[in-house]
S.K.: 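Supplied in structure tokens, the structure appears directly below.
For clarity, every value in this text was computed on a predicted model and none was experimentally measured. Counting convention: from 1, in listed order, for ligands and their atoms alike.
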Amino acid sequence: MSYTIGIDLGTTNSLCAVFQDGRPRLIPNSHGDFLTPSVVGVLESGEIVVGAAARELRVTHPERTAWCFKRFMGSDRPISLGAKTYTAQELSSLVLQSLVEDAKSELKASITDAVITVPAYFNDHQRQATKLAGQLAGLNVRRIVNEPTAAALVYGFHEREAEKNLCIIDLGGGTFDVTVMEIFEGTLEIRATAGESQLGGEDFTDRLVSAVLINQKMQLELAELKHPLHVARLRVESERAKRTLTAKDTARIRLPELDGQFSGQPREFKINRETFKKVCSKLMDRISVPIDRALRDAKLDPREIDEVLLVGGATRMPVMVDFVSSYFGKQPQMEFNPDEVVALGAAVQAALIEQDAAVNDVVMTDVCPFTLGVEIAKDLGGQIQDGFFQPILHRNSTIPISREEVFSTIVPNQRMVEVRVFQGDARRVTDNVELGRLRVENLPTGPAGMPIRIRFTYDLNGILEVEAYTDGGCKQRTVLTNHVQGLSQEQIQAALQRLQKLKLYPREDLNNQRLARYSERLIGELHPSQRQQLDLALDFFEGAMNEGDPQQFESAKQALLMTLSALGFPYDEHSADEQ
Ligand code: ADP
Ligand code: MG
């Protein structure tokens, strides 16, 4: 038996789900949690850890961890991890591998196929990069699905009789997406999608960190350069305070000393919801822009939205809930867990692909979120000027879609045309994003004005194919894959080999590794008089981990757990939400 799993590959957390016995369900990781932090770390031994253990390591050894790399998907920016550097797609493949391991162990089956979700507003490069990450993890990526679309699938799966206009607001760790859709008789029709790929919950934490530093009259860059541990600890404290403010009206941020350690009686920065709202007001100003745009494109008024679905951990913030409630004039619906709904939807999508009988009455249509087109030259009063954008596919067209436009040569006997493909809505191409180029050569000789046909096809994965041809001439065709890092088949193979050489820390021992890293982090946070006690217990535990005598290991572990409890920091294996 083999399954097609659904994966929500998030900026901060990733999840995996499967469709089984007529319904989607989440798959726990080796700690028994559904959320796996999208953090990769390298241990002193050189082994790679992914998830909660890596997130603990991030505080004490930021130079040996990588996080938030989803923000760089589709770029070849090197991200350093210990002594080496990796691309975002390589690091993502390590997260995917870890999820696949969890799925194998849970389902006792081989896992080769997956559906992976991406923010709706991910562009062609970012989608291709996600597919590549899947390939590097040894997965056959059956479909790339938009995250809000996946969330909508869960809604549609449970509410087949509904006839409603829905708005899905998805604020995750690093991205913001808005999707407007209509649902009737099990048919889910996406009407419009808009978003921002550089706005998320992490920015709210960053604002809080800056507010503290400004309050302490320190500049962020300066602090980060001089004292990475200081900023790392302050960030953990700020993240915790941000979450506390979701549940309570006030929170405290303990201020680490400049070297990153906490003194016996650390100073505190107190913050309440009102101040947090002020600190984040610039970010909140950006929230309404994509919502306005998606509604405008869907030709709907906020009052015509029957139900608002919140997706992504950051929509839990009261500032977001208040904003959404007043914008739409109604409370958002709270039935689905905002962290989990996307992965569950990916599993429903997998069931649709596998034609599972449980979903045979669910139909789904999606849209292309961007305007896509080419560069053209214009004759402006006898002067030919290039650099203008000519759309071929308009944003929010239902996909799959294929459209052809006819262009013409500008000079006589023009033998070559370079088709530059762009995404965006600006009149000039310089203000849009270039996706790739296609050279059409060996055009037949003749006068200016020879027709060149350009066809854009946008598939269900949101991947664009461009074809160009002349009447009677040969067809040139490109799927804009080669643009991602310019990766050839050989380069993909090389990346695969490089990754295969990495030694992943064994899944069955990850829990112990996490406990060790948690204790190590705490050592730096304790009062100096308590440090030694924990230090000793950790030495004993790490020694026992290396020695492999089960009895000795068990007693060392118990001793460490007891020490942690005695110090007032009991270890909770399921504290995945604690940063
Ligand atoms: P992604 O899909 O990008 O990985 P998630 O949906 O997991 O993101 O959301 C992560 C973001 O949500 C983080 O920035 C985190 O700080 C924020 N978040 C999670 N829980 C809460 C909460 N209770 N209050 C405020 N923010 C939260
Ligand atoms: Mg998400």
S.K.: Ala129 and Gln89: which non-hydrogen atoms are nearest, and at how many Å?
M.R.: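 Shortest heavy-atom contact: CB-OE1, 3.3 Å.
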
S.K.: Under 4.0 Å from a heavy atom of Arg243: give me the atoms of ligand 1 that qualify, with their elements.
M.R.: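 The atoms of ligand 1 under 4.0 Å from a heavy atom of Arg243 are 15 (C), 16 (O), 19 (C), 20 (N), 21 (C), 22 (C), 24 (N).
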
S.K.: Run the ring-centre check on Phe370 versus Phe122 and record whether the distance is less than 6.0 Å.
M.R.: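 That pair fails the under 6.0 Å test.
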
S.K.: Heavy-atom contacts with Thr11 under 4.0 Å: which atoms of ligand 1 show up? List them by number with element.
M.R.: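 Contacts of ligand 1 toward Thr11, numbered from 1: 1 (P), 3 (O), 4 (O).
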
S.K.: List every atom of ligand 1 that sits less than 4.0 Å from any heavy atom of Gly201, numbering the atoms from 1 in the order shown and giving each element.
M.R.: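 The atoms of ligand 1 under 4.0 Å from a heavy atom of Gly201 are 14 (O).
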
S.K.: Determine all donor-acceptor pairs shorter than 3.5 Å in which one atom belongs to a side chain in residues 278-285; sequence neighbours excluded.
M.R.:
from	atom 1	to	atom 2	distance (Å)
Ser281	OG	Lys278	O	3.2

S.K.: Considering distance alone, does some N or O of Lys242 sit under 3.5 Å from an N or O of ligand 1?
M.R.: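 It does: an N or O of Lys242 is found under 3.5 Å from an N or O of ligand 1.
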
S.K.: Going by heavy-atom distance to atom 16 (O) of ligand 1, choose the closest among Glu239, Arg240, Met320.
M.R.: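 Selected option, by shortest heavy-atom distance: Glu239.
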
S.K.: For ligand 1, which is the ligand I care about here, please tell me if Gly312 has any N or O atom under 3.5 Å from one of the ligand's N or O atoms.
M.R.: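 No, Gly312 has no N/O under 3.5 Å of an N/O on ligand 1.
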
S.K.: Flag Thr246 as yes when one of its N or O atoms lies below 3.5 Å from any N or O atom of ligand 1, and as no otherwise.
M.R.: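 Yes, at least one N or O pair falls under 3.5 Å.
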
S.K.: Flag Leu171 as yes when one of its N or O atoms lies below 3.5 Å from any N or O atom of ligand 1, and as no otherwise.
M.R.: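 The answer is no, given that Leu171 and ligand 1 share no N or O pair closer than 3.5 Å.
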
S.K.: As a test of understanding, state which of Asp113, Thr4, Ile111 forms a side chain to side chain contact (heavy atoms under 4.5 Å, CB included) with Asn140.
M.R.: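 When side chain to side chain contact (heavy atoms under 4.5 Å, CB included) is applied between Asn140 and each of Asp113, Thr4, Ile111, only Asp113 qualifies.
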
S.K.: Please give me the minimum heavy-atom distance between Gly313 and Asp339, naming the atom from each residue.
M.R.: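 Heavy-atom minimum between the residues: CA-OD1, 3.5 Å.
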
S.K.: Which one holds for Glu202 and ligand 1: side chain close, backbone close, both close, or neither close, with close meaning a heavy atom under 4.0 Å?
M.R.: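 Near ligand 1, Glu202 shows its backbone as well as its side chain.
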
S.K.: Heavy-atom contacts with Met317 under 4.0 Å: which atoms of ligand 1 show up? List them by number with element.
M.R.: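 Checking each atom against Met317, I get 25 (C), 26 (N).
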
S.K.: Are Asp206 and Arg235 side-chain neighbours, meaning at least one heavy-atom pair lies under 4.5 Å?
M.R.: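 A side-chain contact under 4.5 Å exists here.
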
S.K.: Using side-chain contact (heavy atoms from CB on, under 4.5 Å) as the criterion, list what pairs up with Ala314, not counting sequence neighbours.
M.R.: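 Residues passing side-chain contact (heavy atoms from CB on, under 4.5 Å) with Ala314: Leu171, Met317.
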
S.K.: Can you name the nearest heavy-atom pair linking Ile168 to Ala151, along with the distance?
M.R.: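 In terms of heavy atoms, the two residues are closest at CG2-CB, 4.4 Å.
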
S.K.: Just distances here: any N/O of Gly313 and N/O of ligand 1 closer than 3.5 Å?
M.R.: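 Checking ligand 1 against Gly313, an N or O pair does fall under 3.5 Å apart.
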
S.K.: Any atoms of ligand 1 less than 4.0 Å from a non-hydrogen atom of Gly173? List them with their elements.
M.R.: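 That gives atoms 1 (P), 3 (O), 8 (O), 9 (O), 10 (C), 11 (C), 14 (O) of ligand 1.
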
